[in-house]
Amino acid sequence: MQEQLNQIEADALASLKNVENLADLESLRIKYFGRKGAFTALMKGMGALSQEERPIVGKHANTVRTRLTDAFDRLAETLARQERQQKLALEKIDITLPGRRPTIGKKHPVTQSLERIQVIFRGMGFQVAEGPEIEHEYYNFDALNTPQDHPARDLHDTLYITDSQLLRTHTSPVQVRVMEKQQPPVRIIVPGKAYRRDYDISHTPMFHQVEGLLVDYRVTFSELKGVLHSFARQMFGEGTRVRFRPHFFPFTEPSAEVDISCTVCGGKGCRTCSWTGWLEILGAGSVDPNVFSYVNYDPNQVTGFAFGMGVDRIAMLRFGIPDLRLLFENDMRFLRQF
Ligand code: PHE
């Protein structure tokens, strides 16, 4: 038995010399010390030894086990160190390589314009309200004094989802939604997307509007003029002139289309303003009393004004963009310029 022990030790030490990694070392450990290992098996035979032999063999066995375990542990440490160093060498970072330049994003010209518009109206005491883009016919048309058979419905090229649900053709339905919930005074602007079946150099099926609504006791048309004058000067510069042209909207009476003096030629006449000196930027008017009756406001008590502007058009004018469609193609070469 002593000889067998010596044999195991010699074999094991010889095998250790060929071990190259921790996985092999573990297999070797199992081969000798595992449940079915050679050393373990030998120890099971101890019971058959005589009283005198057992302590002697036992002592020898302990010595062999200790020597082998030490040898295994020392090798394990060495291998672990080697493997760690190999890994580090592989993962070494070459700090002399040039870094990757982070791309810095920019705000879309429409977002920039939207934000500017909101800052200006907040400064005049307006609050921001929002409403759904999928809208009920009732809010988009009926409650805005535009009944089923009203010719103005055709003008809108509405995109319907069901018989009575549609993609809102303007942000005006939010006027109604806010007035339903809130008693006067109301002073809101509504930035948002609107949709119409339209596509050419100055129309896209999705576009942005900012609606404005002010309702209070004794509000007059001249206050509408004051607010829009102030807005135009802050948005397009001090020298900007504003003109109101009579127009029609079902939900305002009287109504107007509002022009600003051309931002390119200052009013002398150029290609941008089609040689008129003026650029149309919004529709506006005094709230039609019929709209008030839809939201249970007393038309004899309150008056108000509303306006709606095309944000994409305003962005085009501010940045000198020639084709509206460019705004929605997401071409980085275009967008990086703003
Ligand atoms: N909603 C109108 C449009 O989209 C604009 C408008 C808003 C006109 C409010 C008057 C008052 O054309």
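Note that the numbering runs from 1 along the sequence shown for the chain. One-based numbering, in listed order, for ligands and for the atoms of each.
- Not one N or O on the side chain of Arg67 forms a donor-acceptor pair closer than 3.5 Å with the backbone of Glu9.
- Comparing Phe307, Phe207, Phe251 against atom 2 (C) of ligand 1, the shortest heavy-atom distance belongs to Phe251.
- Between Glu211 and ligand 1, a contact under 3.5 Å exists for no N or O pair.
- Side chain of Thr146 to main chain of Leu144: a donor-acceptor pair is present (N/O by atom type, distance under 3.5 Å, no hydrogens or angles).
- Of all atoms in ligand 1, numbered sequentially from 1 with element shown, those under 4.0 Å from a heavy atom of Ser172 are 1 (N), 7 (C).
- There is no side-chain donor-acceptor pair under 3.5 Å between Gln165 and Glu135.
- Below 3.5 Å of separation, one finds an N or O of Arg196 facing an N or O of ligand 1.
- In Ala284, the part holding a heavy atom less than 4.0 Å from any atom of ligand 1 is the backbone.
- Under a 4.0 angstrom heavy-atom cut-off, Gln209 registers as being in contact with ligand 1.
- No donor-acceptor pair under 3.5 Å is formed between the side chain of Glu257 and the backbone N or O of His247.
- Without hydrogens or angle criteria, Thr169 side chain to Arg196 main chain gives no donor-acceptor distance under 3.5 Å.
- Where the criterion is an N or O separation shorter than 3.5 Å, residue side chain and backbone included, Thr252 fails it with respect to ligand 1.
- Side chain of Arg168 to main chain of Gly131: a donor-acceptor pair is present (N/O by atom type, distance under 3.5 Å, no hydrogens or angles).
- Between Phe338 and Phe319, the angle of the ring planes goes over 60°, which puts this pair in the perpendicular group of the 30/60° scheme.
- When the options Pro250, Gly308, Ser286, Gly212 are ranked by their closest heavy atom to atom 6 (C) of ligand 1, first place goes to Gly308.
- Per-residue contacts place Ala306 under 4.0 angstrom from the following atoms of ligand 1 (heavy atoms of the residue considered): 9 (C), 11 (C).
- On a distance-only criterion, His170 and ligand 1 share at least one N/O pair closer than 3.5 Å.
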